[in-house]
> 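The structure that follows is given in the form of structure tokens.
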Amino acid sequence: MPASDGTERPTGFFIFVADITAQKQAEERKAKSEEKYRSLFDTMGEGFALMEIVRDASGRAVDAYCLELNEGFEVQTGLPRERLLGRRLTEAFADADEGRWLPALVRVADSGEPVVSEEHNELLDRWCEVSAYPRPGGRVGAFYRDI
């Protein structure tokens with residue numbers, strides 16, 4: 001930034017210097033933490049799905065949207081990630097009655113209380129233990145374990 005003596009002729013410059021070392025170190029710590037989380041998430045044996053409740057204009061729950069899945073989800077449920085990730089349950093399971101999961105997901109999201117159940121999935125012919133936990137923002141995290 002040029003300095004002036006009141007005339008149009010510059011007489012010097014001001015230089016501002018800021019030490020951003022702490023900021024850069026915090027960014028590196030955050031990146032390492034994210035990498036550790038991602039590694040744990042992708043390699044844990046239990047299946048995990050993060051769902052967001054979809055509501056209509058009146059606030060009534062009408063569906064759930066799959067935000068995230070891990071590889072364990074595919075192993076535990078037999079369902080490929082592509083079938084659910086980034087899709088609504090009604091889209092992913094248009095050929096089956098998986099809408100039965102919606103009331104439980106909504107109950108967890110609305111009550112803030114976790115739910116643990118054993119479910120038989122006729123589509124896959126498997127029994128799973130499902131543990132669903134409330135997350136901020138109308139989301140539900142669910143763990144799946146083939147039993």
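In this chain, numbering begins with 1 at the start of the sequence shown.
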> Between Val62 and Tyr65, is there shared hydrophobic-cluster membership here, with clusters defined by ILVMFWY side-chain heavy atoms closer than 4.5 Å?
yes
> Please tabulate, for the side chains in residues 132-143, all donor-acceptor contacts under 3.5 angstrom to protein atoms that are two or more places apart in sequence or on a different chain.
none

> Using every non-hydrogen atom in the two residues, find where Asn70 and Arg81 come nearest and quote the distance to one decimal.
C-NH2, 3.3 Å
> So, for Leu69 and Ala49, which heavy atoms are closest and what is the spacing to 0.1 Å?
CD2-CB, 3.3 Å
> Distance from Arg88 atom CZ to Glu52 atom CD, nearest 0.5 Å?
10.0 Å
> Distance from Glu68 atom CD to Met51 atom CE, nearest 0.5 Å?
12.0 Å
> Measure the CG-CD1 distance between Asp110 and Ile53 for me, rounded to the nearest 0.5 Å.
7.5 Å
> Students often mix this up, so state it plainly: with edges at 30° and 60°, are the rings of Trp127 and His120 parallel, tilted or perpendicular?
tilted
> For Cys66 versus Leu84, what's the shortest heavy-atom pair and its separation?
CB-O, 3.2 Å
> Identify the two heavy atoms, one from Leu67 and one from Leu85, that lie closest to each other, and give their separation to 0.1 Å.
O-CD1, 3.5 Å
> Hey, could you give me the CD/CZ distance between Glu74 and Arg83, rounded to the nearest 0.5 Å?
12.5 Å
> Of all residues at least two apart in sequence or in a different chain, which pass the side chain to side chain contact (heavy atoms under 4.5 Å, CB included) check with Gln23?
Ile20, Glu27
> Using a 6.0 Å cut-off, check whether atom CZ of Arg87 has over 12 heavy atoms from anything other than its own residue.
yes
